[in-house]
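Position 1 is the first residue of the sequence, and the numbers go up from there. Computed from heavy atoms alone, side chains included, the values below leave out hydrogens, waters and symmetry copies.
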Amino acid sequence: MSAITHALTAPRLRRGVVLPIFIVVAWIVVCHYELTNTRILVPPLAVWEAARALHESGVLWEHLRASLIRDLAGLSLGALAGTAVGGLLGASRAADRLLSPSFHAAKQVALFAWIPLMSVWLGVGEQAKIAFIALSAFYPVVVNTYEGVRSVGVEHIEVARVLRFSRWQILRKVVLPSATPSLFAGFHQALIYAWLGTLGAEYLLEPAPGIGSLMVDGRERFAMDVVLVGLILSGLVGFGLNALATAAEERLLRWRVRGV
């Protein structure tokens with residue numbers, strides 16, 4: 001908890017709120033003097049009232065809970081698959097030569113370009129959404145796991161073999177400690193990409209409870225206050241996930257500083 005508190009009170013964060021405060025002030029001024037169409041850019045007070053109404057009705061938390069559950073399911077699948085594939089490519093030269101060209105070719109395809117194909121294979125329901133989120137998390141985990149495993153020094157492996165370490169001991173005592181920083185970097189990126197994939201899947205696939213669907217519903221009803229509530233909430237969740245991942249990484253990798 002102290003690590004999270006430190007991350008949220010860091011000087012960098014305090015400097016970072018300057019621009020959001022400026023944007024909110026400018027937003028208030030523009031709406032107050034009606035320098036734009038206030039049906040499109042609704043005043044901040046209207047957004048606050050819409051958020052309070054959604055909160056009191058429980059609708060806001062229903063959508064948020066659905067998005068977070070969906071995000072966690074896709075992130076877990078993508079991270080597990082990415083770790084397995086990245087570890088295989090990093091540990092096996094044969095697998096690297098055989099599979100890496102196809103993987104890098106597939107990685108060049110824009111992520112949202114997979115949605116039409118997924119909708120044919122899996123439909124437009126929950127399975128397709130979770131698969132798309134998993135794919136969003138999959139690529140960064142594979143790349144960082146591969147780099148982490150490949151970064152293990154050959155001399156360390158040779159020393160472990162001289163000491164008669166088993167394969168499991170080499171993996172646990174040599175490979176994993178060396179690859180851990182890269183693994184955390186991959187999971188951190190996957191966390192962010194999975195949340196973006198969650199919003200995209202909810203926005204583009206079958207309507208169901210979720211922040212993306214809340215914004216779609218607001219757009220169709222021309223309730224721009226609801227759209228902005230969803231937009232702000234999605235940004236706050238993304239910021240919170242990033243801060244949580246940063247704090248966890250700093251706490252769990254403190255041994256790097258001590259080692260130095």
pair [X]-[Y]: side-chain heavy atoms closer than 4.5 Å:
{"X": "V226", "Y": "D217", "value": "no"}
{"X": "S182", "Y": "Y146", "value": "no"}
{"X": "N242", "Y": "L191", "value": "no"}
{"X": "L60", "Y": "L214", "value": "yes"}
{"X": "Y193", "Y": "L135", "value": "no"}

[X] side, atom [atom1]; [Y] side, atom [atom2] - distance, nearest 0.5 Å:
{"X": "M118", "Y": "L204", "atom1": "CE", "atom2": "CG", "answer": "12.5 Å"}
{"X": "I130", "Y": "L72", "atom1": "CD1", "atom2": "CG", "answer": "10.0 Å"}
{"X": "F138", "Y": "T83", "atom1": "CZ", "atom2": "OG1", "answer": "9.5 Å"}
{"X": "M215", "Y": "L233", "atom1": "CE", "atom2": "CG", "answer": "9.0 Å"}
{"X": "D225", "Y": "R39", "atom1": "CG", "atom2": "CZ", "answer": "11.5 Å"}
{"X": "L231", "Y": "L199", "atom1": "CG", "atom2": "CG", "answer": "9.5 Å"}

| Excluding sequence neighbours, so at least two apart, what forms ring pair (Phe, Tyr, Trp, His ring centres under 6.0 Å) with W121? |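 Once residues adjacent in sequence are excluded, W121 has no partner under the ring pair (Phe, Tyr, Trp, His ring centres under 6.0 Å) criterion.
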
| request: Could you tell me which residues satisfy ring pair (Phe, Tyr, Trp, His ring centres under 6.0 Å) with Y139, sequence neighbours excluded, listed by chain and number? | output: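 Testing Y139 for ring pair (Phe, Tyr, Trp, His ring centres under 6.0 Å), a comparison that skips the adjacent residues, returns F103.
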
Spell out, yes or no, whether [X] and [Y] are grouped together once hydrophobic residues are joined by side-chain heavy atoms under 4.5 Å, including indirect joins.
{"X": "F132", "Y": "V85", "value": "yes"}
{"X": "V29", "Y": "I23", "value": "no"}
{"X": "M224", "Y": "I232", "value": "yes"}
{"X": "V229", "Y": "L68", "value": "yes"}
{"X": "L75", "Y": "V237", "value": "yes"}

| query | side chain to side chain contact (heavy atoms under 4.5 Å, CB included) between K107 and V142: does it pass, once the steps are laid out? | reply | CA-CA 11 Å; K107 189 162 66 72; V142 172; over 6 Å; no

| side chain to side chain contact (heavy atoms under 4.5 Å, CB included) between V227 and V42, intermediate numbers included | CA-CA 10 Å; V227 174; V42 296; over 6 Å; no

| query | How is the hydrophobic cluster of V24 composed, in terms of its other members, when Ile, Leu, Val, Met, Phe, Trp and Tyr link through side-chain heavy atoms under 4.5 Å apart, directly or indirectly? | reply |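 Listed partners: I28.
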
| message | Less than 4.0 angstrom from a charged side-chain N to a carboxylate O is my criterion; do E202 and K129 meet it? | response | no

So does [Y] get a backbone contact from the side chain of [X], meaning a donor-acceptor N/O pair under 3.5 Å?
{"X": "S57", "Y": "L54", "result": "yes"}
{"X": "S67", "Y": "L64", "result": "no"}
{"X": "S213", "Y": "P209", "result": "no"}

| side chain to side chain donor-acceptor pair (under 3.5 Å) involving S92 - partner list, sequence neighbours excluded | none

| task | Tell me, please, which residues at least two apart from A128 pass side chain to side chain contact (heavy atoms under 4.5 Å, CB included). | result | L122, L205

Do you know the tightest heavy-atom contact between [X] and [Y]?
{"X": "L111", "Y": "S136", "value": "CD2-OG, 3.2 Å"}
{"X": "T198", "Y": "D71", "value": "OG1-OD1, 3.2 Å"}
{"X": "A185", "Y": "N144", "value": "CB-OD1, 3.8 Å"}
{"X": "A134", "Y": "L77", "value": "CB-CB, 4.0 Å"}
{"X": "A79", "Y": "F187", "value": "CB-CE2, 4.0 Å"}
{"X": "A190", "Y": "A137", "value": "CB-O, 3.6 Å"}

| task | Using the side chain to side chain contact (heavy atoms under 4.5 Å, CB included) rule, take T246 and F184 through it: C-alpha gap first, then chi angles, then the decisive distance, then the call. | result | CA-CA 9 Å; T246 300; F184 267 103; over 6 Å; no

| Residues which pass salt bridge (Lys or Arg N to Asp or Glu O under 4.0 Å) with E49, listed by chain and number, not counting sequence neighbours | R52

| request: Using a cut-off of 6.0 Å, state whether more than 12 heavy atoms not belonging to F222 lie near its atom CZ. | output: yes

